[in-house]
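These figures come from a predicted structure and were not determined experimentally. Letters A, B, ... are given to chains in the order of the sequence lines, protein chains preceding strands, and every chain is numbered from 1. All values below were derived from every heavy atom in this structure, side-chain atoms included, with hydrogens, water molecules and symmetry-related copies excluded.
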Amino acid sequence: MHSLLDVILTTDFAFSVLRVMTPILFAALGALISNRAGIINIGLEGIMLVSALTGVVVSAYTHSAWVGLLAAAMGGTLIAGILAFFTLQFKTHIILGGIAINLFASGGTVFILYLLSGDKGSSTSLPSKVLPSIDIPLIKDIPVLGPILSGHHVLTYAAILAVFVVYYLLNKTPLGLRIRSVGENPHAAQSVGVSVMKTQYIALLLSGFFAGLGGAYMSMGYLSMFSRDMTAGRGWIALAAEAMGRGTTLGTSLTSLLFGAADALSNALQVLKIPAELIGTVPYIATLVGLVVYAINETRRKNNKKLKSKSQPSAK
Amino acid sequence: MFRTSAVILIALIVAFLIISLVSSQPWHTIQIFMFEPVSSKAHIGNVIEMAIPLMFSGLALSLLFKANLFNLGAEGIFYFSGVVAASIAIHAQLGNWLHPAVAVLAGGLVGALLSAIPGILKAKWNASELVTSLMFNSILFGVGLYLLNYKLRDAKAFATVSYKFQPTAILDKLVPGTRIHTGLIVVLVCIVAVHFFLYKTKWGYELRMTGINRNFAEYSGIKTAKVIILVHLIAGFIAGMGGSIEVLGMYNRFQWTALPGYGFDGALVAMLAKNKPFAVIGGAFFLAYIRIGADQMARMSDVPSEMIAIIQAVIILLISAEQFLKFFKNRMLLREAAKDA
Amino acid sequence: MQHELLEMRNITKVYPNGVLANRNVNFALREGEIHAVVGENGAGKSTLMKMMFGMEEPSEGEIIVRGETVKLHSPQDAIDRGIGMVHQHFMLVPSFTVAENMVLGMEPKKGLGIHYDEAARMTLELSRKYNLTVDPHAKVEHLSVGMKQKVEILKALIRGAKILILDEPTAVLTPQETEELFRELKGLRAEGHTIVFISHKLKEVKEICDRITIMRSGRTEGVFDTNSVTEKEISRLMVGRDVVLKYEKDMKPYGEPILQVKNVSSGDEQGKQVLSRVQFSVRAGEIVGIAGVEGNGQAQLVEVLTGSLPASSGMVLISGKDIAANNIREIRKMGVSYIPEDRMRQGAAKEASISDNLISTRYRSKEWNKRGFMDGRKIRKLVDDLISDYKVKCSGPAQEIGMLSGGNMQKVVVARECSTNPKLLIAEQPTRGVDIGAAQFIHQKLIEMRQEGCAIVLVSADLNEIMELSDTLLVMYGGEVVAYIDRPSEVSEEELGLYMLGLQKQSEEEVRRASHL
């Protein structure tokens, strides 16, 4: 156990928490926006994957990491747009639609990768670019905090910034009010001329945009290439983070941080020669336990209220 | 029926379009894709072999969908039950037909028990079976892979594979010259049994009513929590058997180092079959056919088999699209109404 | 000749599921009038109004506003042309404040964000102008029904509505709130607004409307000045025959008490007391009516009786046996049948066949099973008999119940519940949303059951129904039984209204007579 603490209580570990949190946070914010509009987007995993590939491919061909980033975000938005088109226009079941996106992404990315590079495993043969990391001038010199907070990938800072943007968007802007009204009572929204379909389109596109940034981070930051199925379940974890965050921006962000920590821990523990296969399950177990605890609490809370009214002497 | 056919037609057209764009010899490639699966006894055998696990998972998913449960856990169960069956196939010393029977039943039981957990969580605390089953997939895969690497792995082999199964454990082949195994009979029996269960027994009735309207079922006196757990048990059992049978029927070592994908494929089969047991056969065969077609295409031409992922996505998106083709129906109705008025 | 403000010509509407809701309907609205649209449930009123408000588009025909032919693709198109609608089920977002609901879709902005102070100011200003007092900062989920309706009307006005469509606005209101609404509507008319008033309460229509359009089975039956037709004439045009709401019941002595409710209290999910010391009994061959404005504990009482909500104190006895420890299935086994209020939510499985819907309460018993399988032949016979006995119009037992009309669907529910020889039948709003023909059939059936010695609890918001059918009557208010009436036919609606609104209450002693001890 001593050595475990040695691993965790380092600035390196704290740094890596933020690093692994980044893609989860992006995707979770995406999940949050679409969920508040009443749409559960389980295609996030696939969207991230497509964006990861798009970023690599476009940056390789344009020789610009930033164009690659833009393309990745647009790619994510486009895939979300396809999902939106089918679920909103053709009334495809949203969960089945999400499955389709995921199936498409996991095979389709390999298909395209193979066509472009002749390799089915990874994009090492493509000269793709990587987005820079940034040292923050004053903060980087502070002891302890400096090495944790400074020197991160530009998209890690973008993710943290995105938390504030999403909060403001959902709670302070007309679009946010409309998104929340559509999610809570679509008929009410429709009756005052708020187009439910349009609002859900926007919400889904935004969720694709954010997941797309998460995907770009995977292949142009976290790693510097695309590899087959590289998102490895982060889209699912993001959905769980949103669920545990109870649909609030703050809750979703904090849960993403927590899951990031669990993920980082599993990386850190590998140093200690604990089988990697088992460590890999830690975030999922954490999510499962978290969800179950939450579900049990919810049920208890409901029952308690009933019991409370039971124990009260009949009032009046 | 009409809609399913239309969707399949569109999916095939999409496939042809992709081939035409990608291939240097599109016509030749399309011919391979379309006809290679029935070009020889071996290839027909391949289609049937592939349809067996698809029928298992399609049947499991049909039951869950019929009960209006979005549980995609068949994926992890296929894998984990496969590990269970493999370890029995390696370590146990049993007679000729008893050995696979025990292995398959053990795999089925483990599948049922694992599947029951999301079921119980759903029934008791209303935890989303979709999310819990997805988490389970990753957990079961991790644990299964650990068992493969640390307990079953044959160090002498070059790849990540288990020790060889005992010859007694391997399923008998039905047709010489192919790998079609006795699992085919098991799955067909399961399909018939599920059909009778669903439409002829009171438990099946409870399952159907719970799926259509849980409030109505509750109101009628059906204990829906029990129904939800029961359907998870049965679906888990079927998926678990499917995983075990696939491992013992097709391989002589356990060699899955990634999730085999049958859970999501099962969702696709169930959708093609509209959750009807007998139609699962057709759905599974169709999917197996285009997959073998794609495999052959990848082998004999310049188009990679992953093209099939795109076709599958098109099928899922269109087949669950309620509005698709409704446009035409609407116009027909309007015309009839005009006649009435 | 007054100006035609809005006209709908030759409107035909076919829904995607094939339902023909409107056939060559014509409708014209004059500026500054209150215009009633009356018709039975399913006559096509709501569909017509949805098209006027852009929620549905006509399959054929045209809509003309102020002389200009328009296509209304969405409510926004209607709002842009000064049309507003107050829906029967309020279109409010519960977790939002009144002000947020008011400005949704037309938010005043400050920079990129919403100008919340301005939203509150706009709400207050309008509320003062039309004398519709609301608190802009209150959360909508905490408002009373009457208040919510005011918010709805203001919502339409703030969007510049000159034409206001009100869909059965009084259905959820107390008589007092109704009067207040009528004052407000007259005020709006005086301000030059035009109002479309959908209802099937003819008295109200006569009281407040200038003209009436009558609809029947998807067609217009005529347009009249209100003072040129009598209620009877309207009713005949609506249903095509004179409505007889008189039923023959022979008087015979009641039997043993089947249901005894003793001092039952219960709380809801929020821990609020919703049932308070309710006590009564129902004897074999007796119909006990439970009247009251909706939301005064009737629903919870039914839940307690049917075993889906535990009583926090008190006892429910069925044939002398406490049901506290029993689940729904066991209670049903004791001979309890239940016609639920909402057939879509509880009463039927929409995508299942009529046959499957008819057997849901008996499929378990040995009688319908043979060697582990359900007895298909026997079930088929039962279903065929029930369909013909209850005159369910359908293509056969395998038809999906969701394809049937409301009345036929309800007949299936009633057939299922009445055909198991129940000792106790709980009928909750048994004729809500069904056509008059089906309603009469169901009423007859309830009386027949009573003659055969079934004990019946009838919960209904339809005063006509409850006063005609009940042998004895309870009135609930605020979770309590506030009145017990042993001769419902002799009590006036006015007196009932006082009890229902909690303005009057019988003494404890009088109410306790309901236990029939």
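For chain B, the nearby part of C/N327 is the side chain; its heavy atoms alone come within less than 4.5 Å. Using a 4.5 Å cut-off between heavy atoms, C/E417 touches chain B through its side chain atoms alone. If you measure heavy-atom distances from C/D356 to chain B, the contacts under 4.5 Å come from both the backbone and the side chain. Contact of C/K350 with chain B is made through the backbone alone, with heavy-atom distances under 4.5 Å. In this structure, chain B has no heavy atom under 4.5 Å from any part of C/R362. Contact of C/I359 with chain B is made through backbone and side chain together, with heavy-atom distances under 4.5 Å.
C/Y363 has its side chain out of reach of B/T201: every pair of non-hydrogen atoms, C-beta onward, lies at least 4.5 Å apart. When side chains are defined from C-beta on, C/Q346 does not count as touching B/F216, because their heavy atoms never get closer than 4.5 Å.
In terms of non-hydrogen atom pairs under 4.5 Å with chain B, the most contact-rich of C/E351, C/E330, C/R364 is C/R364. The candidate with the highest count of non-hydrogen atom pairs below 4.5 Å against chain B, out of C/A348, C/G307, C/G347, is C/A348.
Heavy-atom contacts from other residues, nucleotides or ligands closer than 6.0 Å to NZ of B/K223 number more than 12. For C/K378, the NZ atom is densely surrounded, since the number of other residues' heavy atoms within 6.0 Å is greater than 12. Within 6.0 Å of CZ in B/F278 there are more than 12 heavy atoms belonging to other residues, nucleotides or ligands.
Under the side-chain contact (heavy atoms from CB on, under 4.5 Å) criterion, C/P58 pairs with C/I11, C/M51, C/I63, sequence neighbours left out.
Inspection of non-hydrogen atoms places B/K202, B/W203, B/Y205, B/E206, B/R208, B/M209, B/I212, B/N213 of residues 202-214 of chain B under 4.5 Å from chain C.
Here C/R416 contributes atom CZ and B/S220 contributes atom OG; the two are 5.0 Å apart, rounded to the nearest 0.5 Å. How far CZ of B/F197 is from CZ of C/F373: 11.0 Å, rounded to the nearest 0.5 Å.
A cation-pi arrangement is present between C/R332 and B/Y219, with the terminal nitrogen or guanidinium carbon under 6.0 Å from the aromatic centre and inside a 45° cone about the axis.
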